[in-house]
Number of protein chains: 2
Amino acid sequence: MSECPTTDRLTPRKREIVTEARALLEEHGAAALTMRALADRLGIKAPSLYKHFPDKAALELELIVLSLQETGEALEAAADSLPSLMKAYRAYALAHPHLYRLNTERSLPREALPEGLEARAAAPLLRVCGGDVDMARAAWAFAHGMVILQLNDRFPADADLTAAWEAGADVFEG
Amino acid sequence: MSECPTTDRLTPRKREIVTEARALLEEHGAAALTMRALADRLGIKAPSLYKHFPDKAALELELIVLSLQETGEALEAAADSLPSLMKAYRAYALAHPHLYRLNTERSLPREALPEGLEARAAAPLLRVCGGDVDMARAAWAFAHGMVILQLNDRFPADADLTAAWEAGADVFEG
DNA sequence: ACCGTAAGGCTAACGTTGTTAGCCGTCAAG
DNA sequence: CTTGACGGCTAACAACGTTAGCCTTACGGT
């Protein structure tokens with residue numbers, strides 16, 4: 001009945017593993033998220049991880065689930081206006097760069113995702129856009145573009161990204 | 001004196017290798033771009049590649065250079081208005097998804113890039129924005145966001161991306 | 001004509017990665 | 001008491017990027 005993904009989805013041990021995986025990822029980046037490194041951190045050996053997850057992708061999937069959940073909550077808490085919501089989106093992404101990258105750089109494994117999670121994460125944006133899905137997607141694209149280009153160091157070092165953000169955000173509110 | 005990157009930068013053999021690397025990437029994706037697979041395609045063995053490039057990153061750098069050049073040319077040819085330029089950007093990216101991803105998903109190794117290449121690729125956009133760098137960056141972010149979210153399959157399968165693109169593009173022209 | 005050297009191949013091998021096979025201890029339920 | 005699930009372990013494999021070291025070919029200078 002209860003359907004909290006973080007609590008229901010995984011056994012306690014699995015949750016411990018995911019927690020350490022997240023810490024490893026957030027502290028040292030995607031390249032450091034290795035089955036052996038993760039096992040080390042847990043005081044076990046790498047092959048033991050496969051007693052809990054079929055492969056690394058399954059483990060990463062749980063990180064994606066976490067990220068989607070938290071994003072949804074962050075957006076929900078700031079869903080009074082589009083600029084406010086977009087700001088919250090950006091803040092979350094910049095606060096968790098590696099997690100955000102992991103979440104967005106692969107294609108979404110929708111079949112494996114908890115039912116409704118994707119929709120729930122997107123709902124606040126859609127609401128704030130008055131149900132205009134096209135505008136919602138365009139705004140999302142802008143926000144994601146700004147964030148990921150920054151994370152990937154694609155803007156010149158001297159670029160004023162706050163100003164660029166404002167320029168885009170202004171254009172999107174009505 | 002002449003400074004054409006594609007011609008000057010590399011010896012003929014190096015250019016052959018880059019050409020095959022590009023073909024491999026575009027045909028079969030980033031995961032297929034392996035030193036051994038590339039060598040196979042060239043009829044040689046993997047270690048021989050290191051006679052021409054110090055490592056795989058150096059090889060990929062040349063693909064990034066190619067991509068930046070071609071993007072610059074595509075934008076130049078469509079730089080009569082912002083919507084037209086953005087459309088050209090999108091068209092190039094969608095026509096070369098794997099190359100585009102390779103180009104944008106890492107951080108730019110600026111020290112190793114030919115002098116002025118980055119600026120030259122960005123120039124048409126800046127011009128079309130009347131020198132408003134903030135607006136130019138915001139427009140770029142939107143275009144990149146739309147493209148990369150699509151390439152990464154982040155939009156629902158039934159999403160009308162042309163409509164979303166138009167919604168965003170409308171908002172950006174003035 | 002010779003020799004040196006650069007260019008460009010080769011094999012063998014190493015370390016790291018994800019992953020599999022198979023074994024063993026612990027512990028609760030029948 | 002035993003059986004099975006749970007959750008560790010070691011040994012090993014294949015694929016990856018990469019290095020070391022050897023060999024052939026061809027060309028330019030003396």
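The sequence lines fix the lettering, A, B, ..., with proteins before strands; numbering per chain opens at 1.
Considering only residues two or more places apart in sequence or on other chains, A:Ala136 meets the side-chain contact (heavy atoms from CB on, under 4.5 Å) condition with A:Leu125, A:Leu126, A:Cys129. Residues that satisfy the ring pair (Phe, Tyr, Trp, His ring centres under 6.0 Å) test with B:His98, not counting sequence neighbours, are absent from this structure. Residues passing the ring pair (Phe, Tyr, Trp, His ring centres under 6.0 Å) test with A:Phe155 are B:Trp140, sequence neighbours excluded. Every side-chain hydrogen bond (donor to acceptor under 3.5 Å, both in side chains) that B:Glu118 has, sequence neighbours left out, goes to B:Arg110. With sequence neighbours left out, A:Glu16 forms a salt bridge (Lys or Arg N to Asp or Glu O under 4.0 Å) with A:Arg13. Residues passing the side-chain contact (heavy atoms from CB on, under 4.5 Å) test with B:Pro156 are A:Arg137, B:Asp158, B:Ala159, sequence neighbours excluded. For B:Tyr92, the ring pair (Phe, Tyr, Trp, His ring centres under 6.0 Å) criterion is met by B:His96, not counting sequence neighbours.
In the 5' to 3' direction, nucleotides of DNA chain C lying under 4.0 Å from heavy atoms of chain A begin and end at C:dT17 to C:dC23.
One atom, OH of B:Tyr50, and another, P of D:dC16, lie 12 Å apart when rounded to the nearest Å. When the P atom of D:dC16 is taken as reference, atom CG of B:Asp55 falls 17 Å away, rounded to whole Å. Summarising the geometry, the separation between CD on A:Glu16 and P on D:dC6 is reported as 16 Å, rounded to the nearest angstrom.
Among residue pairs with one or both ends in residues 44-53 of chain B, none qualify as side-chain hydrogen bond (donor to acceptor under 3.5 Å, both in side chains); sequence neighbours excluded. For residues 28-44 of chain B, every residue pair satisfying the side-chain hydrogen bond (donor to acceptor under 3.5 Å, both in side chains) rule, not counting sequence neighbours, is listed here: B:Glu20-B:Arg41, B:Glu27-B:Arg41.
Using a 4.0 Å cutoff on non-hydrogen atoms, the parts of residues 30-43 of chain B near DNA chain D are B:Leu33, B:Thr34, B:Met35, B:Arg36, ordered by number.
One end of the helix from C:dA1-D:dT30 to C:dG30-D:dC1 points its axis 10° away from the other end's axis, with each axis taken from 5 pairs and the angle rounded to 10°.
Between B:Glu76 and B:Arg120, no side-chain nitrogen of the basic residue sits less than 4.0 Å from a carboxylate oxygen of the acidic one, so the salt-bridge criterion is not met.
Using a 4.0 Å heavy-atom distance criterion, A:Lys51 is classed as a base contact.
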